[in-house]
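Note sheet for the following structure.
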Amino acid sequence: MYEFAGRFNREELFIKEFNYWILMLKPVPVTIGSCIILLKRKCSSLSEVTIDEMNEFPQVCGFFERKCKLLYGAVKFNYHVNMMKEDFVHFHAIPRYDKEMSRHGIKWTDKEWPLGVKMYKTEVSEEILQSIKYDFLGKEKE
């Protein structure tokens, strides 16, 4: 897929490809539906992202936000560009929830609602990640 993407180079978490970005599930979610929005080329600084790439970014966010609202009832969204461990442009896209929900056998709680999220981790199995992926893709788990 994208050799430079390190721990995010996981085809099984891929959701949707755009011209300049890909949307994939975050391997260790913060809240249900947490994703990574990854620039499709090696680029180590946000200041190096092109105008065309940034012009497409709202389309990616729109797709992500619509899915999280429809599937899980997300009410807000946080986007983080930390780039502390990885040296490539990517956003952590975190849907936010004002109430607890049960989905895929797990009780999901947005532990820091209504404050900004601190990127805590919700450990889930690969099977749960695949179930969330199939939610996004609009199909039943194979």
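Numbers here simply count residues along the sequence, with the first being 1. Bear in mind the structure is a predicted one, so any value in this text is a computation, not a measurement. The figures that follow rest on heavy atoms only: side chains count, while hydrogens, waters and symmetry mates do not.
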(request) Determine, using the 4.5 Å side-chain heavy-atom cutoff (strictly less than), whether L70 and F64 are members of one ILVMFWY cluster. (result) no
(message) Just by distance, no angles: are the side chains of Y20 and N55 close enough, under 3.5 Å, to form a donor-acceptor pair?
(response) no
(message) Applying a strict under-4.5 Å side-chain criterion to I, L, V, M, F, W and Y, I'd like to know whether W113 and M101 cluster together.
(response) no
(message) Going by the rule ring-ring contact (aromatic ring centres under 6.0 Å, His included), which residues pair with W108 if we only count those two or more places apart in sequence or in a different chain?
(response) none
(message) Any salt bridge linking K133 with E12? Criterion: basic side-chain nitrogen under 4.0 Å from a carboxylate oxygen.
(response) no
(message) If we ignore hydrogens and angles and just use 3.5 Å, is the side chain of E112 paired with the main-chain N or O of K118 as donor and acceptor?
(response) yes
(request) Answer whether the closest heavy-atom distance between the side chains of C61 and I37 falls below 4.5 Å. (result) yes
(request) Can you sort out the partners of F57 under ring-ring contact (aromatic ring centres under 6.0 Å, His included), two or more places apart, ordered by chain and number? (result) W21, F91
(request) List for me each residue that meets side-chain contact (heavy atoms from CB on, under 4.5 Å) alongside R41, sequence neighbours excluded, and say none if there are none. (result) L39, C43, T50, E53
(message) Membership question, hydrophobic clusters at under 4.5 Å side-chain separation (ILVMFWY): are F77 and L71 in the same one?
(response) yes
(request) Please answer whether the main-chain N or O of R96 pairs with a side-chain N or O of T31 as donor and acceptor at a distance below 3.5 Å. (result) no
(request) Kindly state whether the ring of H90 and the ring of F8 have centres lying under 6.0 angstrom apart. (result) yes
(message) Quick check: do V89 and S44 have side-chain heavy atoms less than 4.5 Å from each other?
(response) no
(message) Checking the side chain of K40 only, and the main-chain atoms of N19 only, is there a donor and an acceptor separated by less than 3.5 Å?
(response) yes
(message) Would you say NZ of K121 has more than 12 non-hydrogen atoms from neighbouring residues, nucleotides or ligands within 6.0 angstrom?
(response) no
(request) Is it possible for you to say whether V28 and L13 belong to one hydrophobic cluster, with membership spreading through side-chain heavy-atom contacts below 4.5 Å? (result) no
(request) Under 4.5 Å between side-chain heavy atoms, chaining through other members, with only Ile, Leu, Val, Met, Phe, Trp and Tyr counted: pull out the rest of the cluster around I51, sorted by chain and number. (result) none
(request) Any ring-ring contact (aromatic ring centres under 6.0 Å, His included) involving residues 30-50? Give me the pairs, sequence neighbours left out, ordered by first then second residue. (result) none
(request) Grab the two heavy atoms, one from M24 and one from F14, that are nearest each other, plus how far apart they are. (result) CB-CA, 4.0 Å
(request) Identify the two heavy atoms, one from A74 and one from K69, that lie closest to each other, and give their separation to 0.1 Å. (result) O-CG, 3.4 Å
(request) Indicate yes or no for a side-chain donor-acceptor contact from Y72 to the backbone of R103 under 3.5 Å, with no hydrogens or angles considered. (result) no
(message) For a quick check under 3.5 Å, do H92 and N78 share a side-chain donor-acceptor pair by atom type?
(response) no
(request) Indicate yes or no for a side-chain donor-acceptor contact from S45 to the backbone of S47 under 3.5 Å, with no hydrogens or angles considered. (result) yes
(request) Check G33 against C68 and note the closest heavy-atom contact, atom names and distance. (result) O-SG, 3.9 Å
(message) For E65, is there an ion pair with K76 - N to carboxylate O distance below 4.0 angstrom?
(response) no
(message) Are V81 and V60 connected into the same hydrophobic cluster when the rule is that any two of I, L, V, M, F, W, Y join if their side-chain heavy atoms are below 4.5 Å apart?
(response) yes
(request) Share the residues that join V117 in a hydrophobic cluster, the rule being Ile, Leu, Val, Met, Phe, Trp or Tyr side chains under 4.5 Å apart at the heavy-atom level. (result) V30, I94, M119, Y120
(request) Look at K99 together with D110 and state whether they make a salt bridge at an N to O cut-off of under 4.0 Å. (result) no
